[in-house]
Peer 1: 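Here it is, the structure in full.
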Amino acid sequence: MKKISRETTLKEIFKTPVGHDILAKVLYSVGISSSLIEKTMFGNLKLGSLTKITLGKLNDSFIDELLTLLNSEKDVPTSGGEITRKWWKEAVIYQIYPRSFKDSDGDGIGDINGIIEKLDYLKDLGVDAIWCSPIYDSPNDDNGYDIRDYHKIMREFGSMEDFDRLLDEIHKRGMRLIMDLVFNHTSDEHEWFQDSVNNPNSEYRDYFIWRKGKGEGIPPNNWESIFSGSAWNYYPQRDEWALHLFSKKQMDLNWENLKVRNSLYDITNWWLEKGVDGFRLDVISFISKQDGLPDGHELIGTLMGFKGVEHYFYGPRLHEFLHEFRENSFGKYDAFTVGECQGTGIEMSRLMTEDVRGELDVVFSFDHIVNPGKTPYSDCSFDLRPMAKNLEEWQTQYGNHCWPTLFVENHDVPRMISKVDKTNRYKNEIAKLIATMLLTLKGTPFIYQGQEIGMTNCDFENVSELHDVQSLRFYKKLVKDSTKEDKAFRTVLNGTRDHARTPMQWDSSLNAGFTTGEPWIKVNPNYTSINAQLQETSKTSILNFYRELIKLRKSNPALIYGEFIRAHDSKNSFSYFRKLGDDTLFIEMNLTNRTVTRKSSTDKFKLLSSNYATTLKTKLRPYEANIYRCP
Ligand code: NOJ
């Protein structure tokens, strides 16, 4: 591939995988649409002119940094070919956050036996596979994403016997289990780390990322933790610093060390031998760090919220590590993998997931759930239109060798209904529109617990009600940087992960039927009107809407493997066909809270599903979403 320089045009750069994703991301973060590159003269501008175009927001040294990244990737994705059929392309996957799902023993914390109690509910919903957030032994600094022992179950969640029963009960019902593997880091209480700190002759000495400081009390570089503050802890025992991209207790593993990689593959194989069906790989795209760990660029740090990220979000050995990981573990078992990849866009994701390359099966990429120019903490209503545009790109450009994931919620992001409409006026319509989108687009849909009953954000009243380590550290940082406490709380409240972590609302009894004890986190007070039991019997409930659409998807292969064809260009609505052989379905959605005019008639189509009782001849009401069969 030709070397990219300041003289290369944006259009040419946009054609390369890394160029495409980085330019799209950079322009997105300053609120400019990347479609300008392809559609207008803007694309003929040279890379060097970015400083002018962005009125100096992007400076010269930023462009230097960009050039290093742009020239780092030599591979290009394949195109053409047929879609290979796989169980996970046809599956609907449900994410459980075990701490908040169902408590069976009254200690206020959800557990494995609680999950077993609810398996029939999930089967009934139409779920094919469950992704369970980590259940391994952990001191819970980050609710289980800080693992102390990968071979043990967290005491609050139960025992290994409980786990074996869970797996068995899932399989008995014809469902599958996807475990969460957190391999970018371990807990600082993991024996590898403890030995690495305290034992000069430890075989784990080089298992983590250790460096000398730049001077007394000065860390090795300026990288910042994604959870605020420096990304380094100092350990006097070694007179060295250890890297942690996340909390102070989540220590980054040194993937450069083959022994580390082999230990991780062994753990993976141990779970595969038990019979688990796949893995969600936590922040897997962060595992390879740039040689020499150079300082992070100030401006990129400001744009992204933390410094250093350009040196590891798509590191130099990422593809090599992923390929090796697959060869040595899940590939041998044909187990499914979904990688959590923050910051990578469509083209980089293609290079990680193309079936011909043997790395991951699918990835979670996140640009669609944050609006252009905004951050998760911005005080604004979420606009569904840019999201639809982003999803459309993945439908049309990802190619037949790759497969998208479809999701809008997980344990790290606030509830979508509340993001879109803070007044909750259209909460039913929005919940059903989201269901329509997730279950009619091409890709594997992931439903996060509670999404299927329309759970909303929680009105936490003050900071003492928050538990999430990221929110609490961010709050402290804001206050330290002289934001008034009340304002800091309100900012954190916009994006806190705790919104998604309030207990699952099962029924109208005390604590929403989640626990008979004291819940570990506040139960959303709206549980008496939003809960699974109430929705069970209501024909028009969100729960039953999900059930119907899952059935519809499963009985219409066109909704799974059919071609995606955009119906017409419209700013406010999203309309498309899914076509397989002679079977064609038409889907239309109004993405706004205003009534809009339908672009073309649906008179000849047969209505299969709607989030309104009836449809109108020429109009789509706020957030209306309909599915039809075409003759
Ligand atoms: C991503 C996980 O989804 C999140 O919950 C966690 O805090 C970080 N990775 C660190 O493991």
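Each ligand, and each atom within it, is numbered from 1 in the order the structure gives.
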Peer 1: Pick out the protein N or O atoms lying less than 3.5 Å from any N or O of ligand 1, and list each pair with its distance.
Peer 2:
unit_1: ligand 1; atom_1: 3 (O); unit_2: Arg280; atom_2: NH2; d: 2.9
unit_1: ligand 1; atom_1: 3 (O); unit_2: His411; atom_2: NE2; d: 2.8
unit_1: ligand 1; atom_1: 3 (O); unit_2: Asp412; atom_2: OD2; d: 2.5
unit_1: ligand 1; atom_1: 5 (O); unit_2: His411; atom_2: NE2; d: 2.9
unit_1: ligand 1; atom_1: 5 (O); unit_2: Asp412; atom_2: OD1; d: 2.8
unit_1: ligand 1; atom_1: 5 (O); unit_2: Asp412; atom_2: OD2; d: 3.4
unit_1: ligand 1; atom_1: 5 (O); unit_2: Arg497; atom_2: NH1; d: 3.3
unit_1: ligand 1; atom_1: 7 (O); unit_2: Asp142; atom_2: OD1; d: 3.4
unit_1: ligand 1; atom_1: 7 (O); unit_2: Asp142; atom_2: OD2; d: 2.4
unit_1: ligand 1; atom_1: 7 (O); unit_2: Arg497; atom_2: NH1; d: 3.0
unit_1: ligand 1; atom_1: 9 (N); unit_2: Asp282; atom_2: OD1; d: 2.9
unit_1: ligand 1; atom_1: 9 (N); unit_2: Asp282; atom_2: OD2; d: 3.1
unit_1: ligand 1; atom_1: 11 (O); unit_2: His185; atom_2: NE2; d: 2.9
unit_1: ligand 1; atom_1: 11 (O); unit_2: Asp282; atom_2: OD2; d: 2.7

Peer 1: Kindly write out the residues that satisfy side-chain hydrogen bond (donor to acceptor under 3.5 Å, both in side chains) with Lys289, not counting sequence neighbours, or none if the list is empty.
Peer 2: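 Here the qualifying residues are Asn184, Asp252.
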Peer 1: Do the numbers put Lys89 on top of the ring of Trp87, so that NZ or CZ is under 6.0 Å from the six-membered ring centre and no more than 45° off the axis?
Peer 2: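 Pair Lys89/Trp87 does not count as cation-pi.
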Peer 1: For Gln470, which residues count as a side-chain hydrogen bond (donor to acceptor under 3.5 Å, both in side chains) partner, sequence neighbours excluded?
Peer 2: Arg497
Peer 1: Arg261: which residues meet the side-chain hydrogen bond (donor to acceptor under 3.5 Å, both in side chains) condition with it, sequence neighbours left out?
Peer 2: Glu324
Peer 1: Answer whether the closest heavy-atom distance between the side chains of Leu360 and Phe325 falls below 4.5 Å.
Peer 2: no
Peer 1: Does NZ or CZ of Arg238 lie under 6.0 Å from the centre of the six-membered ring of Trp210, at an angle within 45° of the ring axis?
Peer 2: yes
